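Chain letters run A, B, ... following the sequence lines, proteins first and then strands; every chain starts at 1. Note that the structure is predicted; figures quoted are calculated from it, not measured. FYI, side chains are in, hydrogens and waters are out, and symmetry mates aren't considered; it's all heavy atoms of this structure.
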Amino acid sequence: MSYTILAKDTTTAARRGRLVLPHGVVETPMFMPVGTQGSVKTLHPDDLTTLGAQIILGNTYHLSIRPGSDNIREMGGLHRFISWDKPILTDSGGFQVWSLAKLRKITEEGVRFRNHLDGAYMMLSPEKSMEIQSDLGSDIAMLFDECPPYPCERRYAETSLGYTLRWAKRCKQWIDDHQPQSGDGRQHHFGIVQGSIYADLRKRCAEELSAMDFDGYAIGGVSVGEPEEEMLKAIDNTAPYLPEEKPRYAMGLGTPPQLLEMIARGVDMFDCVMPTRLARHGIALTPDGPMHIKNNRWAKDTSPIDPESHPSIRRFSRAYVRHLFKAGEILSLRLLSFQNLEFYLRLMSQARVAIESGTFGTFKDAFLARYNSNQIQ
RNA sequence: GGGUAGGUUCCGGAGCGGCCAAACGGGGCAGACUGUAAAUCUGUUGUCUUUCGACUUCGCUGGUUCGAAUCCAGCCCUGCCCA
């Protein structure tokens, strides 16, 4: 088995695991920095290594329209192309069906897009998505799903779920036909549970996908604008029906507190644009809460943004980073991205240690109390 | 000295008799962001008031008019051209 549960928490459903992938071993719970276009925005791959990133994301939709997945395959695959030799997870493009909704048409066959670059028509189907991800050579390929919007009426959610389940079967068929190998060295495939806010649909989807025996399972249809309460409910309505011995991945989430809440519910993997996007928008994440570095109150603050962070960011004062940001200097975006990812990855590292010692519950409460107090000195 | 263009709210810059506390851009202040069409987007930016509204403001002084940032006169100051 490529996934091993190493420890379980005593008072929550948190798990400490290890996932063996073609390009390396990743320890869970873990956070995956998002590198949609083959780059975690503003950061050098060596920065990611310094930060302890174990795996990053790439995106099927974006990479297939530019520079083209066939080109990437001919150049030796995504890892070589972007010079990153650790694991990569590729999203299937299903999310772009949702986020670029104005330009799409969904049919049984798949989704017909007009891409956002030159408006050219493009078809994404279960088979096509799997083929692109195979060309990219990612360690984990996500199944091609239909991500319903929020809010979503029952009727639409059912129809949408039908696509997701039938498309999952076709993805499975494509995998069996094209990638018959077994073992940790082959590309892994994760199913995606949809069902919107409807508990019975979530359960049904989780059970049907589980029966198809994928390498891991994702909880999708979250991070689409729903309130936090609905998001956690979707986790609660899904996680219990997923196989215990497979990794669970909450897609597109979340805030630091949300991450801990989901780990406590048995989720192992996360990805989110939040740390890097907030960085580019002038917000630093710290153990004491988010910090609008552009605010006037930091103008003369010579202390570091986060005294507990990595030395290479700790050496700069809040006043300096603020100055760089306000002056439009690119360095500020890099420094803040570095800080925010450092913070996310540190949080995951601390969570792993806490689970191993069976104290995740108290760790979580302490973290939340401090983070939510938002008392940055 | 002669000619000419102009002086507008933090800056640039529109406005050229009422719809003007004054477009737009920048800057300032604050906010939003959750499988990245995002180094993006939103709000706010004369004073007082919770709202209605009141008050002060378009170089200065005076005038014309029911009404002036806008018209007239004088003055002050800047840029450019000629001596």
Discussion item. Listing request: all salt bridge (charged side-chain N to carboxylate O under 4.0 Å, His left out) pairs with a residue in residues 353-377 of chain A, at least two apart in sequence or in separate chains.
Written reply: A:R16-A:E356, A:E261-A:K364, A:D288-A:R370, A:E308-A:R370
Worksheet item: Hey, does the side chain of A:D9 reach the backbone of A:F360 with a donor-acceptor pair shorter than 3.5 angstrom?
Response: yes
Practice prompt. Could I get the full list of side chain to side chain donor-acceptor pair (under 3.5 Å) partners for A:T238, not counting sequence neighbours?
Written response: none
Worksheet item: How far does the P atom of B:A73 sit from the matching atom of B:G6, given to the nearest Å?
Response: 15 Å
Going by atom type alone, with no hydrogens or angles, which donor-acceptor pairs under 3.5 Å involve a side-chain atom of residues 70-77 of chain A and a protein atom two or more places apart or on another chain?
unit_1: A:N71; atom_1: ND2; unit_2: A:P67; atom_2: O; d: 2.7
unit_1: A:R73; atom_1: NH1; unit_2: A:D135; atom_2: OD1; d: 3.3
unit_1: A:R73; atom_1: NH1; unit_2: A:D135; atom_2: OD2; d: 3.3

Practice prompt. Check RNA chain B against residues 186-210 of chain A and give the residues with a non-hydrogen atom under 4.0 Å, in numerical order.
Written response: A:I192, A:Q194
Worksheet entry | Pairing partner (Watson-Crick or G-U wobble, both distances under 3.5 angstrom) of B:U4 | B:G79
Worksheet item: Roughly how far apart, to the nearest Å, are B:U34 and B:G25 at atom C1'?
Response: 33 Å
Worksheet item: Excluding sequence neighbours, so at least two apart, what forms side chain to side chain donor-acceptor pair (under 3.5 Å) with A:K172?
Response: none
Fill in: Within residues 318-332 of chain A, residues whose heavy atoms come under 4.0 Å of RNA chain B
A:R322, A:K326, A:I330
Practice prompt. Would you please name every residue forming a ring-ring contact (aromatic ring centres under 6.0 Å, His included) with A:Y249, sequence neighbours left out?
Written response: none
Worksheet entry | RNA chain B contacts among residues 43-61 of chain A, heavy-atom distance under 4.0 Å | A:L57, A:N59
Worksheet, complete the sentence: The ring-ring contact (aromatic ring centres under 6.0 Å, His included) partners of A:H281 (sequence neighbours excluded) come to none
Worksheet entry | chain A footprint on RNA chain B, 5' to 3' - any atom under 4.0 Å from a heavy atom | B:G28 to B:U40
Discussion item. Which residues pass the ring-ring contact (aromatic ring centres under 6.0 Å, His included) test with A:F113, not counting sequence neighbours?
Written reply: A:Y61
Discussion item. I'd like the C1' distance from B:G15 over to B:C82, given in whole Å.
Written reply: 33 Å
Worksheet item: Say you pick atom P in B:C20 and the same atom in B:A69; how far apart are they, in whole Å?
Response: 13 Å
Worksheet item: Taking the same atom, C1', in B:U42 and in B:C76, what whole-Å distance lies between them?
Response: 44 Å
Practice prompt. Go through the structure and list residues passing ring-ring contact (aromatic ring centres under 6.0 Å, His included) with A:W298, not counting sequence neighbours.
Written response: none
Worksheet item: side-chain hydrogen bond (donor to acceptor under 3.5 Å, both in side chains) with A:E27: which of A:Q54, A:R18, A:R352?
Response: A:R18
Fill in: Side-chain heavy-atom pair A:M269, A:F190 within 4.5 angstrom cut-off
yes
